Undergrad: 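My questions will all concern the structure given below.
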Amino acid sequence: MKKTTIISNAEYLREATKMLGYGEQEFQLLAGLSREIRVELPLQLDDGSIEIFYGYRVQHHNALGPYKGGLRYHPTVNIEELRWLACLMSLKTALVELPLGGAKGGIDCDPKLLSRRELRSLTRYFVQKLHRSIGPNLDIPAPDVGTNAQIMAWIQNEYSTIYGHSPAVVTGKPVIVGGSAVRERATGQGVAIVMNEYARHRANELKGTTAIIQGFGEVGRHCAIDLHNRGVAIVGVSDSRGGVANKKGIDIGALAEHQMKAGSIVGFEGAQPIDREKVLELRCNYLIPAALGGIIDKSLAKKIKADVVVEGANSPTTYDGDVVLRDREIVVLPDILANAGGVVVSYFEWVQNIQQLPWKDETVEEGLSEKLAKACENVFAVAMGQGCSYREAAYQIATKRLKDALWTTSF
Ligand code: NAD
């Protein structure tokens with residue numbers, strides 16, 4: 001058999017295929033990609049100069065449904081990482097039993113350095129080059145790092161100028177154009193729901209425990225708010241500019257207000273300043289990386305003083321880091337489970353757009369809790385039955401579902 005382009009960082013998937021008794025051929029097909037697209041985006045900046053950006057979309061598998069995954073605007077965006085993130089999306093949608101596949105994309109730009117006009121033109125230009133490869137039944141992008149509801153609205157509008165009104169082409173849109181009010185908080189809220197299910201599974205309570213959160217963006221902030229409301233003391237938070245810590249627990253509402261005004265958590269007076277890396281080494285029950293990937297490497301994994309790592313971000317733990325955490329018996333609630341709340345609510349948004357029938361927010365929130373509780377139950381049962389880690393359990397469930405769909409549709 002000829003080899004396809006294999007995703008990098010596929011060790012977790014390889015382990016799962018071995019545990020399921022699959023051979024190399026199955027691994028190659030599961031780790032292979034359906035399609036990857038790279039487009040050149042020359043943009044005239046406000047000062048008249050021209051800068052060339054590159055846009056990407058990687059589509060992993062669509063055996064279970066249309067490709068689904070975020071668009072990232074960040075200077076470090078590169079095809080290698082997107083390949084793995086696209087695969088991660090296929091596994092995530094499979095784990096939570098959504099009729100969707102996996103994809104990921106982005107542009108190698110720093111949105112903070114672009115004006116609103118530049119960002120809008122770049123986004124519209126990206127859609128002009130990509131429109132044949134996305135669509136409500138083909139590939140449905142969503143926000144990710146550096147993108148937001150506004151960018152989704154521009155994508156929807158540009159796509160609709162070609163194909164007619166198409167709200168279901170993206171999720172994570174503003175509510176006024178068919179988005180869900182729950183979507184923005186769904187991933188962070190989902191992280192808290194998964195933690196609560198884990199605590200219940202261990203016959204414990206979340207209330208009275210402590211947590212540290214890396215990243216105070218869409219995922220980290222909403223996770224902090226939800227946990228704070230559940231009685232968890234958030235004893236440390238960091239963002240790209242620095243960290244803050246308070247042993248007694250941070251007033252998260254006040255921190256969010258400060259961040260709104262100052263653009264960062266740095267300078268918040270209700271906590272002590274601390275280096276953004278050092279905050280991850282403080283003692284806590286739950287450490288929640290909710291920023292970028294690859295943060296918990298071998299070196300950091302040796303220094304962590306948490307009982308449980310909850311992967312709010314995608315792929316925050318390197319394979320080497322994971323081995324150290326396993327050796328140190330630090331529990332990991334893996335990304336494809338812990339941060340699946342976002343894609344669950346994206347799925348509900350897509351369904352509502354297709355039906356042209358909005359649901360009540362309570363219906364969306366109930367559905368979110370139900371989906372995540374069911375996925376947790378499945379993962380905890382496999383882990384208990386096999387005596388394996390939650391990551392190994394989650395990957396096995398997702399990989400088997402993906403493999404069954406792929407074989408049923410292809411051979
Ligand atoms: P975001 O851009 O809204 O927020 C990222 C946060 O991380 C910001 O507060 C930023 O300051 C901080 N940060 C960046 N570098 C840092 C560093 N070195 N140390 C500490 N903080 C740092 O992004 P987001 O949407 O919250 O996504 C965060 C992660 O969650 C990403 O891995 C993303 O792929 C993943 N994720 C997001 C969603 C979603 O719905 N937004 C869903 C699933 C997974």
Side-chain angles (χ1 to χ4, degrees), residues 68-77 81-82 84-86 88-89 91-93 95-96 102-106 110-112 141-152 170-173 179-180 182-191 194 212-225 236-245 255-256 258-260 262-266 268 274-281 287-297 300 310-317 333-347 349 368 372:
K68 180 88 190 88
L71 278 182
R72 189 173 277 202
Y73 285 9
H74 196 270
T76 63
V77 161
E81 191 182 26
L82 293 176
W84 172 244
L85 291 170
L88 211 63
M89 280 307 296
L91 294 167
K92 200 181 294 182
T93 52
L95 180 68
V96 288
K104 205 79 177 189
D110 186 344
K112 287 194 207 116
D144 196 86
V145 177
T147 54
N148 54 24
Q150 176 60 70
I151 288 173
M152 297 306 116
V170 281
T171 58
K173 302 175 286 291
S180 165
V182 183
R183 178 60 187 89
E184 198 190 300
R185 60 180 185 270
T187 307
Q189 203 171 323
V191 173
V194 169
I212 290 172
I213 305 181
Q214 182 199 37
F216 206 62
E218 193 168 305
V219 181
R221 189 176 56 255
H222 288 290
C223 176
I225 293 168
V237 175
S238 64
D239 70 9
S240 59
R241 297 202 210 154
V244 292
L255 182 66
H258 171 84
Q259 185 210 32
M260 282 270 284
S264 166
I265 59 166
V266 173
F268 177 60
I274 180 170
D275 190 270
R276 71 172 190 199
E277 264 84 41
K278 286 284 166 221
V279 75
L280 307 175
E281 298 171 21
L287 175 64
I288 307 164
L292 291 173
I295 297 283
I296 305 182
D297 56 10
L300 178 59
V310 190
E311 295 186 331
N314 282 317
S315 213
T317 311
L333 295 172
D335 45 11
I336 58 170
L337 177 65
N339 70 35
V343 76
V344 169
V345 171
S346 271
Y347 164 63
E349 180 179 330
L368 171 65
L372 292 180

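First listed ligand is number 1; within each ligand, the first listed atom is number 1. Along the sequence shown, the residues carry numbers beginning at 1. Bear in mind that the values here come from a model prediction, so they are computed numbers and not experimental data.
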Undergrad: May I have the N/O to N/O pairs between ligand 1 and the protein that fall below 3.5 Å, each with atom names and distance to one decimal?
TA:
| residue | atom | partner | partner atom | Å |
| --- | --- | --- | --- | --- |
| ligand 1 | 3 (O) | Glu218 | N | 3.0 |
| ligand 1 | 9 (O) | Phe216 | N | 3.0 |
| ligand 1 | 9 (O) | Gly217 | N | 3.2 |
| ligand 1 | 11 (O) | Ser240 | N | 3.0 |
| ligand 1 | 11 (O) | Ser240 | OG | 3.2 |
| ligand 1 | 21 (N) | Asp239 | O | 3.4 |
| ligand 1 | 21 (N) | Ser240 | N | 3.4 |
| ligand 1 | 26 (O) | Glu218 | N | 3.2 |
| ligand 1 | 26 (O) | Val219 | N | 2.9 |
| ligand 1 | 32 (O) | Ala291 | O | 2.9 |
| ligand 1 | 32 (O) | Asn314 | N | 3.1 |
| ligand 1 | 34 (O) | Arg72 | NH2 | 2.9 |
| ligand 1 | 34 (O) | Asp144 | OD1 | 3.1 |
| ligand 1 | 34 (O) | Asp144 | OD2 | 3.4 |
| ligand 1 | 34 (O) | Asn314 | ND2 | 2.9 |
| ligand 1 | 40 (O) | Arg183 | NH1 | 3.2 |
| ligand 1 | 40 (O) | Arg183 | NH2 | 3.0 |
| ligand 1 | 40 (O) | Thr187 | OG1 | 2.7 |

Undergrad: Between the side chain of Gln259 and the main-chain N/O of Phe216, is any donor-acceptor distance below 3.5 Å?
TA: yes
Undergrad: Would you find a donor on one side and an acceptor on the other, under 3.5 Å apart, between the side chain of Gln214 and the backbone of Pro289?
TA: no
Undergrad: By ring-ring contact (aromatic ring centres under 6.0 Å, His included), which residues pair with His74, not counting sequence neighbours?
TA: none
Undergrad: To the nearest 0.5 angstrom, please state how far the CZ atom of Arg185 sits from the CD1 atom of Ile225.
TA: 10.0 Å
Undergrad: Going by the rule ring-ring contact (aromatic ring centres under 6.0 Å, His included), which residues pair with Tyr347 if we only count those two or more places apart in sequence or in a different chain?
TA: none
Undergrad: State which residues pass salt bridge (Lys or Arg N to Asp or Glu O under 4.0 Å) with Asp239; sequence neighbours excluded, sorted by chain then number.
TA: none
